[in-house]
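Chain identifiers are assigned alphabetically (A, B, ...) following the order of the sequence lines, protein sequences preceding nucleic acid strands; residue numbering begins at 1 within each chain.
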Amino acid sequence: MPELPEVEVVRRGLSRWVAGRTIAQAEVLHARAIRRHVPGAAEFAGRLAGRTLVSAERRGKYLWMPLGDPESASGAGSGSSEALLAHLGMSGQLLVVEPGSPVEKHLRVRLSFDDDGPELRFVDQRTFGHLLVAPLAPLGRPVPEPIVHIAADPLEEAFDDEVFAVRLSVRQTEIKRALLDQSLISGVGNIYADEALWRARLHGRTPTRALSRRKTGELLAAVREVMGEALGQGGTSFDSLYVNVNGESGYFDRSLNVYGRQGEPCARCGGPVLREAFMNRSSYSCPRCQPLVGS
DNA sequence: ACGGGCCCCTGTTGGC
DNA sequence: TGCCAACAGGGGCCCG
C-alpha cells in the first residue's frame, strides 16, 4: 500500500496489535523480500529471534519497529539501536493473523511471537516491497540509517514548509516530479499528487521556479487536506491489495476527484478529466481547472 | 542536476 | 473463447 495514508493505517494496526510483543521466530519464504538486508535471510532471522518490537513508526511510505530486549521492554526507547524496517512497494501487506490460518499465496516473511498470539505476515504479490533490519541513526528523531536521505513527510512536525519552498524554488523541475521526489517531501505518490494538484488548481508540469511562496503554501495545505481525509476513511483501495493489518479496505477511492476518472466530469467545472502518460505512469487532471501557467 | 528509459515482479483488464 | 498488450498505488540505476 503505497502512499502515506495507507501506510499510516498499517502503522496504527502494528502499534495496536504487534508493539510490545516478543518475536519467537522469523521465517523468510522468499529471498527477494529481504534483498536489501545484505547479510542475508539466515542473519535476518537470527537477528530478530527473541527481540521485542517496541513501537511502530513511520516516515513517508516507510515503516519501522525499533527492536528491544524482553527484560528492558518496559523501559522502551532507552537502548534501542536498530529496527525492523519495511517498505510495502506496490503490493506489500503486513497482516496480523491467527497462527493456524491458511498460508497466503504470496506470503514472503512470517514472524511468530512468544505469546502464541497472532502472527505478523508480510504478503507481497509483486515483490517490490522489502524488509530489513537496520541501525537507527542517532541524530534528531531516531530514523533507520537506510532512510536518512528521505525528507520528512508533510504530517510530521519536523516538516519545514519554508525549507520546502526554498528547495522547490531552486530546483529546475516540474511540480509533480517534485511532489514525487521523496528527498524533497516524502509520502506523496501518484494518487495524492494528482489529487492535491487538482485541489490547488495547479498543472503538474508547472515549473517549480514559477511557484510563489503563497501557491506552495496552498499546495501543501491541499496535500495535508487530502491525506487527512483519506486517513479518516481508512485510505484508498481499488481492490483487496490495499488493506489494513486485519485485511480490511479503506474507501477513500469514492472521494477521489481525478485519479482514475478519465473522461468523467470534473467535480468543480464539469469538464472531462484528462489522462496523460507521465513518468511511465498516468497523470489525471482537469485541463480547465488546472491550466499550465508560468512556463 | 535533471529527464528518460529501463528494470525489478505478478496479476488483471480490455481490445481484437 | 483465447491471446496479448497495456497497465497497476513503489523505487533504483544507468546514461546522456
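- A donor-acceptor distance shorter than 3.5 angstrom exists from the side chain of A:Ser169 to the backbone of A:Val166, with no hydrogens or angles considered.
- The gap from the P atom of B:dG5 to that of C:dA6 amounts to 15 Å, rounded to the nearest Å.
- Interface remark: the A:Arg281 side chain does form a donor-acceptor pair with the C:dG11 base, using a distance-only criterion of under 3.5 Å.
- Between C:dG9 and B:dG3, the distance separating the two C1' atoms is 22 Å to the nearest Å.
- Here C:dG12 presents its P atom at 13 Å from CZ of A:Phe128, a figure rounded to the nearest Å.
- Residue A:Gln125 is classed as a base contact, given a heavy-atom separation below 4.0 Å to a base.
- Only the P atoms considered, B:dC6 is 16 Å distant from C:dA5, to the nearest whole Å.
- When hydrophobic residues (I, L, V, M, F, W, Y) are linked wherever their side-chain heavy atoms come within less than 4.5 Å, the members clustered with A:Leu180 are A:Phe278, A:Met279.
- Of the residues A:Asp115, A:Asp114, A:Asp116, the one that meets the salt bridge (charged side-chain N to carboxylate O under 4.0 Å, His left out) test with A:Arg21 is A:Asp115.
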What N/O pairs connect the protein and nucleotides 13-16 of chain C at under 3.5 Å? Give each pair on its own line.
none

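- If you take CG of A:Asp181 and P of C:dG10, they are 13 Å apart, rounded to a whole angstrom.
- Both the sub-6.0 Å distance and the 45° axial angle are satisfied by A:Arg268 relative to the ring of A:Trp198.
- Taking a pair as Watson-Crick or G-U wobble with both distances under 3.5 Å, the runs of three or more consecutive pairs in DNA chain C are B:2-8 with C:10-16, B:10-16 with C:2-8.
- Between A:His130 and A:His87, the angle of the ring planes stays under 30°, which puts this pair in the parallel group of the 30/60° scheme.
- Contacts of A:Arg275 with the nucleic acid, taken as non-hydrogen atoms under 4.0 Å apart, involve only primed sugar atoms and P, OP1 or OP2.
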